[in-house]
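Working notes for the structure below.
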Amino acid sequence: MTSSTTSDAQGSSQGTGDSSAPVIVDWPTAAAPRGGATASDHLLDGLNPQQREAVEYRGKALLIVAGAGSGKTRVLTHRIASLIENREAWPSQILAITFTNKAAAEMRERVEDLLGGRTEGMWISTFHSACVRILRREAENVGFSKNFTIYDSSDSRVLLKRIIKRHDADMFGFTPANASARISKLKNELADADGYARNANMSDPNEVAFVEIFRDYQRELQRASAFDFDDLIAQTVYLFRAFPQVAALYQKKFRYVLVDEYQDTNHAQYSLIRELTREPEGDGFLPGTLEGASLTVVGDSDQSIYAFRGADIRNIVEFERDFTGAKVILLEQNYRSTQNILSAANAVISNNFDRKDKKLWTDIGDGDKIIGFTGYSGHDEAQFVADEIERLHRNGVAYGDVAVFYRTNAQTRALEEIFVRSALPYKIMGGTKFYERAEIKDAFAYLTAVMNPADELAVRRIINTPKRGLGPATITQLASFAENAETTLRESLREASTLGFGPKVTRAISDLSAVLDEAVALADAGRVSEVLTTLMQKSGLIDSLRMSRDPQDEARAENIDELVAVTKEFERNNPDGTLLDFLTEVSLVAAADDLDDASGTVSLMTLHTAKGLEYDSVFLTGIEEDLLPHRMSANEPGGPSEERRLFYVGITRARKRLFLSLAMTRAQYGETAVAMPSRYLQEIPAELIEWRQSPGSVNSRGGTQSRALNANRWSQTRGTDAAALPRAEKKEWPNKVTNSVRDNGDLELAAGDRIRHTDFGEGRVQNVTGEGTKRVAHVQFDNAGAKKLLIKIAPIEKL
DNA sequence: CTTCCCTACATTTTT
DNA sequence: TGTAGGGAAG
């Protein structure tokens, strides 16, 4: 979490802009040679000629085509630092945009390191946070509330659900999910409902219904003073177009705009960049007085993996045409991976036909072979991953240097189960789990209702949470009162006593309303954590969870306590932070982005999250048909190519060691289905991979026959390796991992004890470490090798 | 209005 | 696997 995004409380831009910025009179023109000694020689040390050129080039537009691991972030950060050191720009004149908070945080950190902290006022942020910042600053000048709420995708879906129901549009096959996807796509192309209607075939009732839904959705957002994720970008573009004098403030302020991962920009983001780098016009700017900002973009079309989100690869492919006179610099030398890894990556990606040929190379050397493994089941595969990580760890590899990637979040389940049982420290990155929990969303709805009373979605959510006897009928009545009186739902709560409800209901409503009012008063003066604890206590939410006899509610109450801890943490990092700042931060920053404590644990993440990161050892799991490429992508145009790029991204994250694994069967909603090896595996030259095989797989049901297609390839490498593994293991290592809940909390184990494990058979305890529920037994199994087991949950018995 | 039970259904990736 | 929604009973 970059506290900097919110803590910077520069005034609104209605004034003369940043007072810290120098008066721009004789600004060195971009193309002017930089005379005299430069202060930045150390910024060029250790860079190759192309990298240097990318740091030093000065011109209106620069495209850096940066292959994976070619030092792109290094170039970008050094470029920014050299602009500052050479006094070509003030920090406040730099805008660096990334896609993820993690990337932004890392970039900021590295620029700070280079400059010794002189980054005050520099905007290094994601597209979304930059836009929120602009929208909040300008809101009041252009007619909306600066306290607007940001709706995430699930909020959008809740809203759409109501709208679809209202229109009975589910008859046309509309679901919240597909309507939301269509709307999102349109917004990414900067189309609104009216624009869409103009080109739509309005004799098609389905189209008519969609237009209605889209219109209603947008109307409700506006009524609630809310923006969805896509609006954040699109509305900023609209704002700039509608108010040139507002745009000019930013065009003048940002002299250098740098965009990372340019291949992933969609049309709206592209337009935003265009607006920002345009020559300023509007009040006080004579044409030609100040040129548009210098634009630097970095990208690699082979790593474009967000087409599903509207990313348009043409933005980068056509950059030169788009920005005439643009300079293009290619970075092809890879500093990250061994040649074996790169050769595999090159081989895979070369199967994408419509690309400019580009080959990564390194002078690091071949390195280890890639290790392949076929497990019987997802659990078996996970066990392999856990075992190999332990082996690496014993050989001195830190857990923090290991990452496990997968295509879908659902795959984490098996991995987690095995990792917990193996007492392997891990952390799931990018999973927003915590903030998606119902009780956390409830707590946020309370905070949101306090900050933005117009937000009907939030008020609806809390109105009967905890249960206070206000059911659908009451809510409908309140809502229609609000509708008729042209006011908000929040306001109708206040009027409850005049609406003719029964005494109990009236009382419940007034109490809630009073709690909210109290919190509003507190929010003006007090700290976020106080507002939250007050709301949780006085609304009765926390008590209802604590009193409940549902055992899960205890955990929910703890989650709310944890949220209180999060707010306190926020207060420490942002002493001046307001409730609005807090809500903004959590809306835009997935919980997993606090990368600070990722050290010392294995990182688990999706392939998408992995982009831009690198690890010594990388496990790519689930390399199977229907998973990679994913079933859903098969029919989409360009789907399989994009999935191949995803695989390519995964491979190129690895520095030294790469493991590819798959399973012969995979569990999906309780059922197990046969899985086939991914087509992409065959694109890797056989000599680069050393295949190991899962014991117990050959004769198991279903497995062999269905893989006949791949028989040649598999038998080639299979024979010798399979033989190397002790046959005995086959029986001792069954295919299923028992899921029985178990509590060995009181089991006492000591070095020397013999135990029996339901999966691994008998073994001897070597050592016991840890305390309480975290006690770990280090066991040498007779047949299954050395393992670590979390005693509390291990399926073991003492002999 | 709430609770409980049954059935249907869903799973791509992210800000 | 798990959750969300419908329907019936309290």
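To find a chain, count down the sequence lines: A is the first, B the second, and so on, and within it residues start at 1.
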query: Does B:dT13 have OP1 or OP2 sitting under 4.0 Å from an N or O in the side chain of A:T609?
result: no

- request: Check every strand shown and say whether A:D152 touches a base, only sugar-phosphate, or nothing at a heavy-atom separation below 4.0 Å.
  value: nothing

Nearest-nucleotide comparison on DNA chain B, the residue closer to the 5′ end among A:T126 and A:G469: A:G469

- request: Using a heavy-atom cut-off of under 4.0 Å over every strand shown, decide if A:R631 touches base, sugar-phosphate, or nothing.
  value: nothing

- request: Among B:dT3, B:dT14, B:dT15, find the nucleotide with the atom closest to the side chain of A:K467.
  value: B:dT3

- prompt: Is the shortest side-chain N/O distance from A:T606 to OP1 or OP2 of B:dT14 below 4.0 Å?
  reply: yes

- prompt: Looking only at atom types and distance, does a side-chain atom of A:R653 sit under 3.5 Å from a main-chain N or O of A:L613, one as donor and one as acceptor?
  reply: yes

Proximity to the side chain of A:T474 - top-ranked nucleotide from B:dT12, B:dT14, B:dC1: B:dC1

statement: Looking only at B:dT12, B:dT2, B:dT14, the nucleotide nearest the A:N464 side chain is B:dT2

message: Output the rounded distance in Å from CD (A:E436) to C1' (C:dT3).
response: 14 Å

query: When all nucleic acid strands are considered with a 4.0 Å heavy-atom cut-off, which category describes A:S153: base, sugar-phosphate, or nothing?
result: base

message: For A:Y306 and A:F99, take the angle between the two ring planes, folded into 0 to 90°, and tell me which bin it lands in: parallel under 30, tilted 30 to 60, perpendicular over 60.
response: parallel

query: Can you name the one residue among A:D228, A:N266, A:D230 that meets side-chain hydrogen bond (donor to acceptor under 3.5 Å, both in side chains) with A:K187?
result: A:D228

- prompt: Taking only N and O in the side chain of A:N266, is any of them less than 4.0 Å away from OP1 or OP2 of B:dT15?
  reply: no

- request: Would you indicate which nucleotide in B:dT3, B:dT14, B:dT12 comes nearest to any side-chain atom of A:M632?
  value: B:dT12

statement: Looking only at B:dT12, B:dC1, C:dG6, the nucleotide nearest the A:P472 side chain is B:dC1

Sidechain N-carboxylate O distance under 4.0 Å for A:E261, A:K72: yes

- prompt: Out of B:dT12, B:dT15, B:dC1, which nucleotide sits closest to the side chain of A:A473?
  reply: B:dC1

field: Distance test, side-chain N/O of A:N409 to OP1/OP2 of B:dT12, below 4.0 Å
entry: no

- line: Considering only heavy side-chain atoms of A:R413, the closest of B:dT15, C:dT1, B:dC1 is C:dT1

query: Would you say A:Q222 and A:F144 make side-chain contact, with heavy atoms under 4.5 Å?
result: no

query: How long is the line joining CD of A:E585 and P of B:dT15, in whole Å?
result: 14 Å

- request: Would you kindly give the CD-to-P distance between A:Q668 and B:dT12, to the nearest whole Å?
  value: 11 Å

task: Remember a base hit wins even if backbone is also touched, and classify A:F99 as base, sugar-phosphate or nothing at under 4.0 Å, heavy atoms.
output: sugar-phosphate

- prompt: Nearest-Å distance, NE2 (A:H379) to C1' (C:dT1)?
  reply: 11 Å

- prompt: Nearest-Å distance, OH (A:Y406) to C1' (B:dT14)?
  reply: 13 Å

field: Nucleotide nearest A:H630 when distance is taken to its side chain, options B:dT12, B:dT13, B:dT15
entry: B:dT12

- prompt: Within this structure, what is the CD-to-C1' distance between A:Q411 and C:dT1, rounded to whole angstrom?
  reply: 15 Å

query: Could you give the CZ-to-P distance, from A:R645 to B:dT13, as a whole number of Å?
result: 18 Å

query: Within the distance-only criterion (no hydrogens, no angle test), does the side chain of A:Q383 pair as donor or acceptor with the backbone N or O of A:I418 below 3.5 angstrom?
result: no

- request: Answer yes or no for this row: A:Y306 ring on B:dT13 base, centroids under 5.5 Å, planes under 30°.
  value: no

task: Could you state the atom-to-atom distance from CZ of A:F308 to P of B:dT12 in whole Å?
output: 11 Å

- request: Go through B:dT14, B:dT2, B:dT15 for me and flag the one nearest to the A:H128 side chain.
  value: B:dT15

- request: For the residue pair A:F240 and A:Y250, categorise the inter-ring angle as parallel (less than 30°), tilted (30 to 60°) or perpendicular (more than 60°).
  value: tilted

